[in-house]
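None of the values given here were measured: they were computed from a predicted structure. Letters go in sequence order (proteins before strands), and every chain restarts at 1.
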2 protein chains.
Amino acid sequence: MSRGGIRINSGRKTPSSPYKEKTIPVRIPLSIKPDVLVYLEEYKKRISNNSEVSLDFPQALPNPPSLARPIYSGQVSAGQSRFPSPAQDYEQKFLDLNERYITDPPATFFFEVNGDSMIGAGIFHGDTVIVDRAAKYKSSSIVVADVDGEWMVKRFYKRGSVVKLLSENPEHPPITLSEGQELHVFGKVTYVIHKPE
Amino acid sequence: MSRGGIRINSGRKTPSSPYKEKTIPVRIPLSIKPDVLVYLEEYKKRISNNSEVSLDFPQALPNPPSLARPIYSGQVSAGQSRFPSPAQDYEQKFLDLNERYITDPPATFFFEVNGDSMIGAGIFHGDTVIVDRAAKYKSSSIVVADVDGEWMVKRFYKRGSVVKLLSENPEHPPITLSEGQELHVFGKVTYVIHKPE
DNA sequence: TCTTTGATTAGTGTTACAGTAATCAAATGA
DNA sequence: TCATTTGATTACTGTAACACTAATCAAAGA
């Protein structure tokens, strides 16, 4: 009758929680408990969808509810063609920068740029680049990459087995990967935020 | 010596919590615990600011606090100097693009740029510029201006009574204001958002 | 071989509790 | 009389503990 006995190495495996990490109790006001639960639900989904993604880097939040700001947008010419006055035909939009420029929040990172090797691509010293780890990059994409521990913004170039990292400044020669050098593309630069002087 | 004795009606008053309501423990994944704490912080502030409001009826909070996005930021080199791996020294920041790049929401406008006359300033065709009408501009500031109904992005130049609008592209000559021409500076370009290709 | 079943371990919501904070009024002292 | 000190009293909070559920395994049975 008894089917008992030792079962070594049995039991629930870890991590088997939907978060794939430990949890800790945090006191939440009753009125916003439902919001937090919804939030956790979203987070769970994201974690399970991205489960194949490496967890070397801490993952950030799912799409939290954002405060949209009403912004009047229009078009303006850098050349000299004629445009209607923004005062007349502005279009009231609720433009949320986060929404517009961050496609995948958990995969999005910000970097401040150091140096002027990418001036030709409109990336200046001190600029902030928005990097999306989930975005697909190809040859000629601008990426943030790590070559033997050195992190840089470059234009990624690949033809067959030849991989180079190109600058956009004649003073900076391309970097060709030599034998034994390791290249990790961290993510694709999707936007550059530049503060003009 | 003894100051003891019954103190009827003494003790901490309710509600004395910053939330003005009960709380309950909710299990939160460790990695997003900081986010939730920030969220609660915001909520607390909102509650305390509205404390003068009558509590006869439950009040709907005006702006629901948004869950700030944690973004891991680091620095990356466009040159070739060495930087530590973001995995090692990432700094968890709650970076909100709106907050960071929009100082004065009602005075902030967005324009899409047409043409390439400002390439030297890192402003390309198709870019979006953030324009702050409330920001002070001076000679050499980049502005959105209206000259006789024509709207443009230019570098504003002023020496005495001489006013010019300069391009940042050798192919585009400066615009000198002639007699009878009207110039209205709409606002100062505070940031340029560029999508590299 | 396949299925059943209890053993075993991980994860979860909630209670309990100890420690802290806030508030009051009696006792004290000026 | 009135301000200050002080301990009593009550509310609040973070977290440990615990009971319960979920997941997984391998031995026993079919």
Report task. Using only heavy-atom distances, determine whether the side chains of A:D127 and A:H194 contain a donor-acceptor pair under 3.5 Å. Result -> yes

Query raised in the report: For A:K154 and A:S167, does a side-chain donor sit closer than 3.5 Å to a side-chain acceptor?
Result: yes

What are the atom names and distances for every N/O pair under 3.5 Å that joins the protein to nucleotides 11-15 of chain D?
unit_1: D:dA11; atom_1: N3; unit_2: B:R12; atom_2: NH1; d: 3.2
unit_1: D:dC12; atom_1: OP1; unit_2: B:S16; atom_2: N; d: 3.2
unit_1: D:dC12; atom_1: O4'; unit_2: B:R12; atom_2: NH1; d: 3.4
unit_1: D:dG14; atom_1: N7; unit_2: A:R27; atom_2: NE; d: 2.9
unit_1: D:dG14; atom_1: O6; unit_2: A:R27; atom_2: NH2; d: 2.8

**Report entry** pair B:I193-B:Y101: side-chain heavy atoms closer than 4.5 Å
**Finding:** no

Report task. Verify, without hydrogens or angle tests, whether B:D116 (side chain) and B:F124 (backbone) share a donor-acceptor contact under 3.5 angstrom. Result -> no

Requested in this report: Could you give me the CA-CA distance, side-chain angles and deciding distance for B:V153 and B:I142, then say whether side-chain contact (heavy atoms from CB on, under 4.5 Å) is met?
Outcome: CA-CA 7 Å; B:V153 187; B:I142 292 181; 3.8 Å; yes

